[in-house]
Number of protein chains: 2
Amino acid sequence: MEMDERKMRILQAIIDDYVLTGVPVGSRTISRKYDMGLSSATIRNEMSDLEELGFLDQPHVSAGRIPSAKAYRLYVDTLLQTGKIRDDNEETIRRHFSGRIHQMEDVIDHAAQVLSTLTRYTAVVLSPKGAQPRLQTVQLVPVSSETALVVIVTDMGVIRDSVIRIGNQMDSDTLYAISRTLTGELRGMTLQEACERMPALISRMYGNDEVLRELYGFLNEGQQSNQRAHMAVGGTSNILAYPEYSDVDKARNFLSLMETRDKLADIIRGNNEMSFTVRIGPETGVPEMVDCSIVTATYSGRGGQQGTIGVIGPTRMRYSSVLSILNMMGRQLTDLLGGEDENK
Amino acid sequence: MEMDERKMRILQAIIDDYVLTGVPVGSRTISRKYDMGLSSATIRNEMSDLEELGFLDQPHVSAGRIPSAKAYRLYVDTLLQTGKIRDDNEETIRRHFSGRIHQMEDVIDHAAQVLSTLTRYTAVVLSPKGAQPRLQTVQLVPVSSETALVVIVTDMGVIRDSVIRIGNQMDSDTLYAISRTLTGELRGMTLQEACERMPALISRMYGNDEVLRELYGFLNEGQQSNQRAHMAVGGTSNILAYPEYSDVDKARNFLSLMETRDKLADIIRGNNEMSFTVRIGPETGVPEMVDCSIVTATYSGRGGQQGTIGVIGPTRMRYSSVLSILNMMGRQLTDLLGGEDENK
DNA sequence: TGTTAGCACTCGATGCCTGTGAGTGCTAAC
DNA sequence: GTTAGCACTCACAGGCATCGAGTGCTAACA
């Protein structure tokens with residue numbers, strides 16, 4: 001038995017109806033609501049075929065059919081191939097970013113908000129993953145008589161700053177002098193290289209031991225924390241609006257997964273760097289998400305590194321709409337966060 | 001009719017049992033499980049009195065009684081008066097903060113995590129609210145040939161930094177010179193005062209118009225964003241574990257409230273600055289929280305400003321335990337974030 | 001040969017009834 | 001003032017009949 005064009009149309013109708021209602025759809029519904037010019041009996045035969053082909057599931061014998069993961073897969077694949085990703089939300093999204101937000105973390109938080117509002121699903125936004133940023137400037141700023149702020153600028157932006165303790169009291173000028181020397185020594189190195197270089201510097205620039213030692217610790221920390229990117233999650237409670245999660249236990253599992261940020265980041269990031277990824281139900285590889293789908297897209301941050309945005313919803317997701325929104329949002333984020341390097 | 005010591009003991013037993021089980025408690029249960037030396041019939045009479053006094057509610061005639069908000073109020077008040085807030089979690093909490101975390105936002109995020117894990121309720125941690133910080137240092141750090149990072153240090157710590165555009169190309173030394181001048185001019189001022197001073201400076205230090213103008217904008221922004229503090233929420237899904245929220249609609253309302261950060265911050269912060277606040281059910285003033293209680297405590301940040309930590313759970317909360325944990329956590333945060341100024 | 005009408009059958013959902021048991025309130029006796 | 005006893009209430013669970021949406025199959029039709 002083969003898939004033909006009519007089967008395809010019927011499957012499409014079933015998916016449409018099921019995505020809309022969330023209720024198993026019967027042959028009668030299809031023949032009436034979507035006028036195919038076919039009787040329910042014929043549809044029934046076709047549905048039976050589709051089930052045998054693995055595109056439909058039947059919760060129990062006297063219920064209608066629901067699309068299987070395989071059906072969604074087929075649907076999404078044709079969607080992606082024919083490239084029917086609309087562009088019409090562009091203005092909507094742009095409007096949401098009208099204010100003056102430049103701070104990367106604010107943009108990301110905001111994006112997650114907007115994304116979840118527009119899709120009505122759960123949205124996750126991951127900042128670009130710092131590959132191997134190279135040091136550009138190291139600067140110490142006095143905070144109190146005993147502490148100073150370290151600011152490290154790399155070619156990919158600013159590393160999160162931190163307050164370190166300085167031993168003997170130093171004025172602003174002394175700190176600046178040290179900063180200049182350090183910048184001279186370390187510029188162009190990756191964080192890791194800088195870490196390796198530090199011991200040598202400590203022995204050479206004696207007299208400033210404490211500062212340098214603290215700095216060393218900071219670099220080490222920064223090297224690690226640099227790997228775990230910033231992440232924002234929006235609309236976690238949206239999932240509760242769908243009957244798939246009216247079971248409280250399921251909902252709790254899902255929500256607590258949303259709270260374990262590390263795990264969630266791994267899931268969203270996935271392992272491939274394609275511009276769009278759609279993982280349906282079991283394809284997610286996450287037990288808590290067997291009846292969820294994850295749709296992700298990438299955007300370019302500064303220096304062309306890839307950031308990820310994703311939407312998590314029930315398998316019966318409005319894929320087409322979600323894809324188009326993700327597409328637009330990705331462009332918007334590339335505009336706001338990356339751009340510079342590519343446009344010039 | 002008056003409250004006497006026996007009524008008090010019975011009420012206590014009822015609260016204990018209800019907090020434990022979440023099921024309306026009957027007279028028989030009390031007379032058996034908590035040996036009062038009284039028959040169920042006597043308890044029954046007393047319970048009837050307690051209901052008339054407004055301390056007990058009866059879901060329906062043949063069910064047991066549940067404590068009213070008034071009962072919890074009484075319970076919590078005596079708890080607070082007799083000061084029976086235990087100290088035994090101290091070590092547990094301290095252990096959770098063993099790592100090297102100094103960055104304020106990390107501490108806050110982490111605290112919310114720990115707090116929700118220990119209490120099994122939802123935890124909210126608010127950073128100290130910036131009263132009127134005074135400028136200490138202004139420093140510009142080169143990022144690219146066209147942009148620089150502004151770092152502003154106040155007596156209460158570092159203001160979030162931001163990248164601004166600089167007009168004509170400037171090297172590190174020029175930027176440092178400008179920084180020195182600015183620091184000299186603005187030191188000791190509040191953000192607002194600094195903003196007011198800027199126009200005068202712009203006209204005086206001509207040649208650096210663009211930098212100063214950008215800086216002006218940044219100060220203005222900072223002045224506003226300084227008001228809204230950092231907030232971390234942990235364990236939002238914990239609430240789903242309690243039968244009070246097995247209704248999905250209720251749960252969704254609650255969770256979406258947890259997501260609207262501004263509102264949540266207002267609720268947690270409340271309007272008083274007491275070291276402990278307990279708001280029970282309707283006392284919260286939030287419709288979504290009629291069967292929740294909010295327990296908050298304050299801690300001191302740098303410069304003695306008040307930060308707030310809070311726990312949100314069902315009205316039948318383990319108040320005693322929560323209070324003791326909040327107490328310990330408050331001290332810990334004061335240690336980590338404030339301290340300095342007070343210990344010296 | 002594909003399509004359709006008809007029909008028996010399945011099975012979850014709904015609603016009704018009933019029994020059960022936890023719990024109460026009241027009364028009378030101690 | 002306390003307790004034993006008893007009638008009463010009411011949520012809840014189990015059993016049962018009913019309903020209806022939907023299927024699969026067969027036979028007739030174009």
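A note on names: the letters A, B, ... follow the listed sequences, proteins ahead of strands, and every chain is numbered from 1.
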Side chain to side chain contact (heavy atoms under 4.5 Å, CB included) between B:Y34 and B:I10, worked out: CA-CA 9 Å; B:Y34 307 78; B:I10 292 174; over 6 Å; no
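- Residue A:Y319 is tested with A:F276, A:Y72, A:Y121 for a ring-ring contact (aromatic ring centres under 6.0 Å, His included); the sole match is A:Y72.
- Residue A:T42 has no polar side-chain atom (N or O) positioned under 4.0 Å from OP1 or OP2 of C:dT3.
- In this structure, A:T308 contributes its side chain and A:L126 its backbone to no donor-acceptor pair below 3.5 Å.
- Nearest-nucleotide positions on DNA chain D for B:A41 and A:R44 put B:A41 closer to the 5' end.
- The 5' end of DNA chain D is approached more closely, in terms of each residue's nearest nucleotide, by B:L38 than by the other of B:L38 and B:V61.
- Taking the 5' to 3' direction, DNA chain D first and last meets chain B under 4.0 angstrom from a heavy atom at D:dT2 to D:dA11.
- Screening residues 64-75 of chain B for salt bridge (Lys or Arg N to Asp or Glu O under 4.0 Å) gives B:E51-B:R65, B:R73-B:D77, B:R73-B:E283 as the qualifying pairs, with residues at least two apart or on separate chains.
- Looking at residues two or more places apart in sequence or on another chain, you find a salt bridge (Lys or Arg N to Asp or Glu O under 4.0 Å) between B:E5 and B:R9.
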Can you list, pair by pair, the side-chain donor-acceptor contacts under 3.5 Å of residues 22-33 of chain A, counting residues two or more places apart and other chains?
unit_1: A:S27; atom_1: OG; unit_2: A:R44; atom_2: NH1; d: 3.4
unit_1: A:S31; atom_1: OG; unit_2: A:R28; atom_2: O; d: 3.3
unit_1: A:K33; atom_1: NZ; unit_2: A:D17; atom_2: OD1; d: 2.7

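- We find that A:E244 and A:R316 are joined by a salt bridge, their nearest charged nitrogen and carboxylate oxygen being less than 4.0 Å apart.
- A heavy-atom distance below 4.0 Å to DNA chain D is reached by these residues of residues 49-60 of chain B, ordered by number: B:H60.
- A heavy atom closer than 4.0 Å to some atom of DNA chain D occurs in A:G26, A:S27, these being the qualifying members of residues 17-30 of chain A.
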May I have the step-by-step check of side chain to side chain contact (heavy atoms under 4.5 Å, CB included) for A:L326 and A:T296, ending in yes or no? CA-CA 7 Å; A:L326 274 179; A:T296 60; 5.7 Å; no
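- Remark: A:K263 pairs with no residue by the salt bridge (Lys or Arg N to Asp or Glu O under 4.0 Å) rule, at least two apart or across chains.
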Quick one, B:I14 with B:M47, criterion side chain to side chain contact (heavy atoms under 4.5 Å, CB included). Give me CA distance, side-chain angles, the key distance, then yes/no. CA-CA 9 Å; B:I14 293 172; B:M47 280 166 100; 4.0 Å; yes
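- B:D249 meets the salt bridge (Lys or Arg N to Asp or Glu O under 4.0 Å) test with B:R252; sequence neighbours excluded.
- With a 3.5 Å limit on both pairing distances and Watson-Crick or G-U wobble geometry required, the stems of 3 or more pairs in DNA chain C span C:1-30 with D:1-30.
- Annotation: side chain to side chain donor-acceptor pair (under 3.5 Å) contacts of A:E90 (sequence neighbours excluded): A:R94.
- Scored by the side chain to side chain donor-acceptor pair (under 3.5 Å) test, A:E288 finds no partners at all (sequence neighbours excluded).
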Polar atom pairs between nucleotides 15-21 of chain C and protein, under 3.5 Å, N or O only, would you list them?
none

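- Distance CD1/B:I267 to OG1/B:T260: 7.0 Å, rounded to 0.5 Å.
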